[in-house]
2 protein chains.
Amino acid sequence: MNSDTSLQSILTNPAHPPEISAKTCPLERLGRLLRGTWTLQVLWVLGEGRPLRFGDLRTVIEGISAKVLTERLRFMEHTGLIWRCHEEGVPPKVTYGLTEVGTELHDGLKRLGRITDKLPPE
Amino acid sequence: MNSDTSLQSILTNPAHPPEISAKTCPLERLGRLLRGTWTLQVLWVLGEGRPLRFGDLRTVIEGISAKVLTERLRFMEHTGLIWRCHEEGVPPKVTYGLTEVGTELHDGLKRLGRITDKLPPE
DNA sequence: CAGGATCCCCCCCGATACTG
DNA sequence: CAGTATCGGGGGGGATCCTG
């Protein structure tokens with residue numbers, strides 16, 4: 001326990017050139033991965049439940065439009081968070097689910113989400 | 001290991017009404033908390049380093065404008081992720097740092113950020 | 001059923017200029 | 001130094017209509 005690490009010392013100590021850089025920030029990619037209003041909710045419902053069809057996702061994620069859902073699904077498939085299973089036939093049947101990485105991300109974020117419980121209500 | 005949990009079984013089993021809901025999705029608030037292009041980078045530099053002054057943040061987070069930085073800082077202060085320390089005087093001196101919750105979030109996200117290493121390069 | 005196409009809007013952000 | 005004010009652009013999103 002060094003008193004030099006105290007808040008007052010840190011704030012008043014002039015010898016603190018900021019050596020850290022945001023250039024190698026690993027959170028930047030994570031941010032782009034999760035960009036979009038609905039991405040986290042897609043990750044959530046697929047992670048909590050099971051693989052779902054397009055229509056089910058529309059139902060479960062209340063308020064999302066078909067266009068945006070398609071966009072998000074395409075993007076998340078592209079980045080490797082989800083897979084897409086297309087069964088030919090009439091009517092068509094398309095199912096989406098989390099990849100291994102997607103599942104990891106869901107689990108991690110779920111744990112992280114509990115942190116917000118410590119914050120005052122909005 | 002039950003074969004009923006296999007992918008084929010899940011996908012072809014019709015008895016799967018989606019009972020999960022996105023209504024209680026705890027990731028929604030997390031998403032709003034981290035919304036904005038620069039929020040994660042602010043969290044990153046403050047979490048990796050030490051409390052920084054406004055000008056230092058502008059320098060370290062390359063490319064951010066004063067306006068957006070101010071917006072993000074105000075918002076993150078409002079949500080309780082960072083604190084703001086204003087020292088009167090000429091020139092003025094304003095320092096920002098992570099709160100306890102902000103630090104927790106940074107640490108969690110940092111661990112989570114490593115998951116993206118498993119994804120193919122963009 | 002699972003989308004594609006189109007139009008519009010709003011919010012986030014960038015740039016510039018100015019101030020206590 | 002640490003912001004504020006203002007203008008303008010772009011992309012994500014909503015609503016509606018259409019299709020394989």
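To find a chain, count down the sequence lines: A is the first, B the second, and so on, and within it residues start at 1. Values below: every heavy atom of this structure, side chains too, minus hydrogens, waters and symmetry copies.
In this model, the phosphate group of D:dG3 is not approached by any side-chain N or O of B:Thr70 to a distance below 4.0 Å at OP1 or OP2. For D:dA2, the OP1/OP2 oxygens have a side-chain nitrogen or oxygen of B:Arg53 closer than 4.0 Å. Residue B:Arg84 places none of its side-chain N or O atoms closer than 4.0 Å to OP1 or OP2 of D:dA2. Within the structure, a side-chain polar atom (N or O) of A:Arg72 is placed less than 4.0 Å from OP1 or OP2 of D:dG13. For D:dT4, the OP1/OP2 oxygens have a side-chain nitrogen or oxygen of B:Arg74 closer than 4.0 Å. Put simply, A:Arg58 has no side-chain N or O that comes within less than 4.0 Å of OP1 or OP2 on C:dA2.
Between the side chain of A:Lys67 and the base of C:dG4, no donor-acceptor pair under 3.5 Å is found.
Which of D:dC1, D:dG13, D:dG3 sits closest to the side chain of B:Pro91 comes down to D:dC1.
A:Leu52 has its CG atom 11 Å from the P atom of C:dA2, to the nearest Å. What separates CG of A:Leu73 from P of C:dC1 is a distance of 17 Å, to the nearest Å.
A salt bridge is defined here as a Lys NZ or Arg NE, NH1 or NH2 lying under 4.0 Å from an Asp or Glu carboxylate O, and A:Lys118 with B:Glu100 fails to meet this definition.
Mapping A:Ile64 and A:Pro92 onto DNA chain D by nearest heavy atom places A:Ile64 closer to the 5' end of the strand.
Checked by atom type and distance alone, the side chain of A:Thr95 never pairs as donor or acceptor with a backbone atom of A:Arg53 at under 3.5 Å.
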